[in-house]
S.K.: 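Got a structure for you, written out below as structure tokens; questions coming shortly.
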Amino acid sequence: SADGLITNQPNLFLLIKTADCIPLFLFDPVRQAVGLIHVGWQGADKGIHTQAIKLMAQHFNSSPKDIIVGMGPAICASCYTLTDSPSQTQDPRWHKFINRTGPTWHIDLKGLVKSELLALSIKPEHIEDMNVCTYEDNRFFSHRRSQSTGEPEGRFANIIGIKSQISSTK
């Protein structure tokens, strides 16, 4: 029922399911807080990834400079294509991330997300991208690939959490 979750509670693990959308893992090692965001076309357009960083700052006093970001497998710009002109072509935020090749529009969701995270002061060295395209790599589910090939459609689980520290006494 949600595309984003954040917590600082130990032993509470967050889960989202994705196919072509970006699973965005957030970890603040200083404040011991995590987030897990499902970033699709609409979520990216509404800035769910930037809202998550701001909410971590608001609720857990996280600093963007401390947050480590992991980008899981998602569809790449070469494979995320549309035949109709996206409404975002007039939005300056998207100019670098929507390109037209002949009759085909290519959408670079990861490019937009990375750009906006950097603008929030996330350190470039704190952004780790698996660089795996779900459409190209059949080890992963892809909604778009299943539509074109007829293969069964599925989702994979993305999980993040903080384990509590167990102290041992002798």
Side-chain angles (χ1 to χ4, degrees), residues 1-8 12-28 33-60 62-82 86-99 105-137 139-147 153-162:
S1 65
D3 280 334
L5 305 162
I6 61 172
T7 188
N8 65 351
L12 178 64
F13 295 87
L14 310 178
L15 179 141
I16 59 167
K17 293 188 259 180
T18 57
D20 290 321
C21 297
I22 305 166
L24 195 69
F25 298 83
L26 308 173
F27 173 52
D28 178 353
V34 295
L36 189 55
I37 315 301
H38 172 272
V39 187
W41 174 262
Q42 291 180 359
D45 196 38
K46 292 177 182 173
I48 190 169
H49 49 290
T50 59
Q51 291 175 33
I53 300 295
K54 291 173 184 175
L55 285 170
M56 287 180 72
Q58 178 184 344
H59 291 283
F60 310 130
S62 293
S63 169
K65 293 177 182 173
D66 295 327
I67 295 174
I68 299 168
V69 177
M71 300 179 89
I75 196 165
C76 70
S78 296
C79 297
Y80 194 174
T81 60
L82 300 172
S87 61
Q88 288 82 355
T89 57
Q90 303 306 312
D91 185 340
R93 286 177 50 225
W94 285 94
H95 282 175
K96 294 180 186 177
F97 310 104
I98 297 178
N99 299 299
W105 294 89
H106 293 268
I107 313 302
D108 184 2
L109 279 179
K110 282 190 173 185
L112 174 80
V113 170
K114 285 179 190 177
S115 171
E116 292 187 341
L117 291 174
L118 291 169
L120 286 176
S121 299
I122 300 288
K123 294 178 182 177
E125 63 270 22
H126 284 185
I127 300 175
E128 184 66 37
D129 184 352
M130 288 184 66
N131 286 317
V132 173
C133 175
T134 50
Y135 188 91
E136 295 171 346
D137 190 332
R139 294 177 300 164
F140 299 95
F141 294 113
S142 170
H143 169 72
R144 288 180 155 269
R145 189 180 63 236
S146 71
Q147 287 183 323
E153 190 169 329
R155 302 290 183 266
F156 58 95
N158 304 273
I159 301 169
I160 193 170
I162 302 168

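Sequence positions, counted from 1, serve as the residue numbers for this chain.
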S.K.: Atom OG1 in T18, atom NE2 in H143: separation rounded to 0.5 Å?
M.R.: 13.0 Å
S.K.: For the atom pair OG1 (T89) and CZ (F97), what is the distance rounded to the nearest 0.5 Å?
M.R.: 15.0 Å
S.K.: Between P73 and D137, is any pair of side-chain heavy atoms under 4.5 Å apart?
M.R.: no
S.K.: Are side-chain heavy atoms of K96 and S115 found at a separation under 4.5 Å?
M.R.: no
S.K.: Mark yes when over 12 heavy atoms from residues, nucleotides or ligands other than Q42 sit less than 6.0 Å from its CD; otherwise mark no.
M.R.: no
S.K.: Identify the heavy atoms of P23 and N158 that sit nearest to each other, and give their distance.
M.R.: CB-OD1, 3.3 Å
S.K.: What closest approach, in Å, do M71 and V113 show between heavy atoms, and which atom pair accounts for it?
M.R.: CE-CG1, 3.8 Å
S.K.: Of all the heavy-atom pairs spanning Y80 and R144, show the shortest one and how long it is.
M.R.: CE2-NH2, 3.3 Å
S.K.: Just do the side-chain contact (heavy atoms from CB on, under 4.5 Å) check on T7 and V34 with the steps written out, would you?
M.R.: CA-CA 6 Å; T7 188; V34 295; 3.7 Å; yes
S.K.: Over all heavy atoms of both residues, which pair between C133 and C79 is shortest? Give the atoms and the distance, please.
M.R.: SG-SG, 3.9 Å
S.K.: How about CD on Q90, more than 12 heavy atoms from neighbouring residues, nucleotides or ligands closer than 6.0 Å, or not?
M.R.: no
S.K.: Could you state the interatomic distance from CG (L24) to CG (D129), rounded to the nearest 0.5 Å?
M.R.: 10.0 Å
S.K.: Is the closest side-chain heavy-atom distance between L120 and K54 below 4.5 Å?
M.R.: yes
S.K.: Kindly say whether F141 contributes a backbone atom to a donor-acceptor pair with the side chain of R155 at under 3.5 angstrom?
M.R.: no
S.K.: For N99, is there any backbone N or O sitting under 3.5 Å from a side-chain donor or acceptor partner on H106?
M.R.: no
S.K.: Looking at side-chain heavy atoms only, is the closest gap between L118 and I127 below 4.5 Å?
M.R.: yes
S.K.: To the nearest 0.5 Å, tell me how far F13 CZ sits from L36 CG.
M.R.: 12.5 Å
S.K.: Of all the heavy-atom pairs spanning K65 and K123, show the shortest one and how long it is.
M.R.: O-CE, 3.5 Å
S.K.: Nearest 0.5 angstrom please: R93 CZ to E116 CD, how far?
M.R.: 4.0 Å
S.K.: Would D20 and L109 count as a side-chain contact (heavy atoms from CB on, under 4.5 Å) here? Give the steps.
M.R.: CA-CA 10 Å; D20 290 321; L109 279 179; over 6 Å; no
S.K.: Less than 4.5 Å apart, any side-chain heavy atom of P86 and any of W94?
M.R.: no
S.K.: Hey, what do you get for NZ (K114) to CG (D108), rounding to the nearest 0.5 Å?
M.R.: 8.0 Å
S.K.: Might you point out which heavy atoms bring C21 and V39 nearest each other, and give the distance in Å?
M.R.: CB-O, 3.5 Å
S.K.: Around atom CD of E128, are there more than 12 heavy atoms of other residues, nucleotides or ligands at under 6.0 Å?
M.R.: no
